Amino acid sequence: MAVIASAPGKVLITGAYLVLEKPNPGVVLTTTARFYAIVKPLHSSTESHSCNRLWTDVKLASPQLFKEATYKLSLESLSLQNVSSSSDNGNPFVEQAVQFAVAAAKAVFVDDHGRQDMLNTILLQGFEITILGSNDFYSYRKQIDARGLPLTSETLASLPAFSAITLNENELDKPNSSSKVRCAPEIAKTGLGSSAAMTTAAVAGLLHYLGAVNLTIATHATYADTVANSDLDLVHAVSQTAHCAAQGKVGSGFDVSAAVYGSQRYIRFSPEILSPAQVSRNSKSLLEAMTEILKNTWDNQKIEYGLPPFMALLLGEPGYGGSCTPSMVGAVQSWRKRDPQNSQEIWKRLAEANADVERQLLLLKHMAQEQEEIYKNVLESCSTQLSEKWMENHIHDSNQQAVVKALLDARQAILGVRNLLRQIGEAAGVPIEPEPQTQVLNATMNMEGVLLAGVPGAGGFDAIFAITLGNSARVRVAHEWSSKGVLPLLVTEDPKGVALEDSDPREREITSGIPSIKK
């Protein structure tokens with residue numbers, strides 16, 4: 001029987017660059033865009049394919065990329081050997097997910113001989129994993145342009161679910177390319193954390209398939225439910241390990257944490273926790289490395305977080321083909337080393353501005369809980385007005401004024417964040433908020449019912465975001481973006497993390513749809 005797990009994409013609203021270092025937090029929202037991993041046996045029994053009990057068969061398929069690869073998995077070293085006719089069909093993120101998930105299952109069952117036997121029986125049947133990503137993760141501008149269709153949400157919604165994926169041209173290979181950090185990724189993406197969501201879905205699906213976790217219970221757990229969350233913690237540890245191994249470095253991990261647990265305020269783990277995986281190829285087996293990592297005390301911090309009620313998230317694709325985040329991060333780190341005094345001052349001010357955005361959003365959530373009607377009425381009124389009119393229309397009620405003040409303070413804080421990120425980009429020589437995005441974002445902030453607008457994550461050419469007061473304002477912004485050549489995406493916030501699905505998403509013909517506002 002197939003196991004189908006899914007994990008969401010993310011949008012980092014605050015914490016760009018700072019989240020790489022403890023104890024700086026980042027506020028990350030998860031979205032309706034999801035990756036799916038469908039795990040099922042390759043053979044009906046352990047005897048039907050081979051008498052060799054040292055290896056088992058694995059097949060990995062990515063239909064959207066027209067890729068399929070077959071492997072032999074060593075049941076001793078747990079290493080994968082690609083036996084396909086072409087090694088180009090491999091997927092390093094899913095390959096690492098397979099190796100470390102099997103190692104984690106063996107580590108979990110080390111003292112339980114009955115479950116070890118069950119695990120071996122399952123492994124000897126072989127297994128295949130099919131990977132599917134929501135259309136929201138990828139750019140379809142080329143297909144839309146080729147068909148002569150308008151750059152609208154409606155056009156995106158008309159595309160078949162899990163459409164084939166467009167490849168980028170390499171910007172650095174173009175004769176007129178002058179940017180040192182543009183290096184658009186091979187696959188045209190929208191910056192929603194596809195590799196983290198893909199890795200997490202594969203790890204979660206395989207761990208559930210092997211009996212090491214029970215996603216049925218875990219995906220209904222709350223942040224406070226630590227007993228049920230122990231399964232999610234295992235998914236998190238293995239996913240972080242596999243993702244870092246595939247990338248060849250230890251990142252902040254906010255994208256994987258969001259894929260597992262959902263929308264949150266995140267503070268990174270100590271990079272040393274994953275050091276066993278970095279040396280496993282040389283001096284440790286995968287099983288030894290995974291066992292040591294699971295025994296470590298993970299010191300990452302996560303607090304449940306989400307948008308206040310009656311607010312909506314909108315993302316747009318500017319159409320520049322994406323950015324190379326590692327190169328941008330490297331350029332910023334080089335600037336900090338060259339100019340420690342100025343960079344530290346900007347770093348401090350950016351941390352303060354991020355914290356202010358976070359405080360105002362939390363205050364608005366508290367107001368929505370304590371005085372729901374007042375809060376709702378203020379947002380409905382402000383949703384049709386320019387921000388400079390918000391306060392003057394609520395001068396006779398102090399409670400309404402308090403809500404408006406929090407809205408205006410959040411706007412002012414995000415303007416400060418954007419200004420500081422532009423300063424960092426100029427000093428480091430990287431386009432964190434490129435000029436075309438600045439123009440669109442400034443115009444967006446000057447529209448009725450817009451609370452925040454900016455570039456998510458490390459910035460660059462991937463995407464822009466807006467948070468509006470209600471869905472009507474969201475629709476207005478989407479239409480305005482379309483007129484400026486920015487493709488509004490269908491994706492919006494969904495605070496849910498990893499989940500066990502009850503059917504193949506292709507059979508349900510999943511589409512993101514035009515989302516409703518958060519209630």
Side-chain angles (χ1 to χ4, degrees), residues 1-6 35-110 112-132 198-215 234-235 238-239 241-242 245-246 285-287 290 500-501 503-507:
M1 180 176 178
V3 167
I4 306 170
S6 69
F35 257 91
Y36 300 84
I38 304 169
V39 188
K40 58 185 180 181
L42 266 178
H43 309 288
S44 59
S45 69
T46 58
E47 289 80 21
S48 62
H49 70 286
S50 177
C51 296
N52 188 344
R53 292 180 175 266
L54 298 179
W55 298 83
T56 194
D57 298 322
V58 175
K59 183 166 75 172
L60 305 180
S62 299
Q64 288 163 287
L65 286 170
F66 305 102
K67 287 187 175 183
E68 184 175 290
T70 54
Y71 302 82
K72 291 293 185 180
L73 172 67
S74 169
L75 298 182
E76 291 186 341
S77 68
L78 306 184
S79 60
L80 275 177
Q81 180 181 342
N82 192 330
V83 294
S84 303
S85 56
S86 172
S87 60
D88 291 340
N89 287 331
N91 183 323
F93 292 96
V94 183
E95 290 167 1
Q96 295 293 343
V98 167
Q99 293 179 134
F100 282 106
V102 174
K106 283 183 170 287
V108 168
F109 298 156
V110 67
D112 189 328
H113 295 296
R115 299 186 78 181
Q116 285 183 43
D117 291 342
M118 176 199 71
L119 175 63
N120 288 332
T121 299
I122 294 173
L123 289 174
L124 285 169
Q125 287 183 278
F127 57 87
E128 62 177 301
I129 302 179
T130 300
I131 297 294
L132 300 167
M198 178 198 310
T199 303
T200 300
V203 166
L206 189 51
L207 286 175
H208 185 93
Y209 176 79
L210 298 176
V213 300
N214 186 341
L215 291 182
L234 178 60
V235 172
V238 180
S239 298
T241 305
S285 70
L286 280 167
L287 180 56
M290 194 71 254
L500 187 67
E501 303 290 334
S503 62
D504 189 319
R506 293 168 294 188
E507 297 173 0

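Remember, it's a predicted structure, so these values are computed and weren't measured experimentally.
- Nearest heavy atoms, Val235 versus Ala204: CG1-CB, 3.9 Å.
- Side-chain atoms of Ser6 do not come within 3.5 Å of backbone N or O of Tyr36 as any donor-acceptor pair.
- Contact annotation: the side chain of Pro63 approaches that of Thr130 to within less than 4.5 Å [non-hydrogen atoms, C-beta and beyond].
- Using modelled atom types, no side-chain atom of Glu68 and backbone atom of Ala61 make a donor-acceptor pair closer than 3.5 Å.
- Looking only at distances, a side-chain donor or acceptor of Glu95 sits under 3.5 Å from a matching main-chain atom of Asn91.
- No side-chain heavy atom of Leu60 sits under 4.5 Å from any side-chain heavy atom of Ile131.
- Across all their heavy atoms, Ala104 and Leu207 have their closest contact at CB-CD2, 4.2 Å.
- When side chains are defined from C-beta on, Leu210 counts as touching Val102, because their heavy atoms get closer than 4.5 Å.
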- Begin with the C-alpha distance, continue with both residues' side-chain angles, and end with the deciding distance and a verdict on side chain to side chain contact (heavy atoms under 4.5 Å, CB included) for His208 and Asn214. CA-CA 6 Å; His208 185 93; Asn214 186 341; 3.9 Å; yes

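- When atom types are taken as modelled, the side chain of Gln116 and the backbone of Lys106 share no donor-acceptor pair closer than 3.5 angstrom.
- Legend: residues meeting side-chain contact (heavy atoms from CB on, under 4.5 Å) with Thr70, ordered by chain and number and at least two apart, are Lys59, Val83, Ser84.
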- Task: Kindly determine whether Met290 and Leu78 satisfy side chain to side chain contact (heavy atoms under 4.5 Å, CB included), including the steps that lead there.
- Result: CA-CA 11 Å; Met290 194 71 254; Leu78 306 184; over 6 Å; no

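- Smallest separation of non-hydrogen atoms from Pro92 and Ala246: O-CB, 3.7 Å.
- With sequence neighbours excluded, no residue forms a ring pair (Phe, Tyr, Trp, His ring centres under 6.0 Å) with Phe127.
- Between Thr199 and Gln96 there is no side-chain heavy-atom pair separated by less than 4.5 Å.
- Although no hydrogens or angles enter the test, the distance criterion places no donor-acceptor pair under 3.5 Å between the side chain of Gln125 and the main chain of Leu42.
- The closest side-chain heavy-atom distance from Leu80 to Leu73 is below 4.5 Å.
- Taking CH2 of Trp55 as the reference point, atom CD of Gln81 lies at 5.0 Å (rounded to 0.5 Å).
- Side-chain contact between Lys72 and Asp57 is present, with at least one heavy-atom pair separated by less than 4.5 Å.
- When all heavy atoms of Ala107 and Leu287 are compared, the pair lying nearest together is N-CD1, 3.8 Å.
- Taking the side chain as every heavy atom from C-beta outward, Pro41 and Ile122 never approach each other to under 4.5 Å.
- Side-chain atoms of Thr56 come within 3.5 Å of backbone N or O of Leu123 as a donor-acceptor pair.
- Smallest separation of non-hydrogen atoms from Met1 and Tyr209: O-CE1, 4.2 Å.
- In this structure Ser77 satisfies the side-chain contact (heavy atoms from CB on, under 4.5 Å) test together with Ser74, Ser79, sequence neighbours excluded.
- With Arg115 contributing its side chain and Val108 its backbone, the two residues share no donor-acceptor pair below 3.5 Å.
- Taking every heavy atom of both residues into account, Ala97 and Val203 meet most closely at CB-CG2, 3.6 Å.
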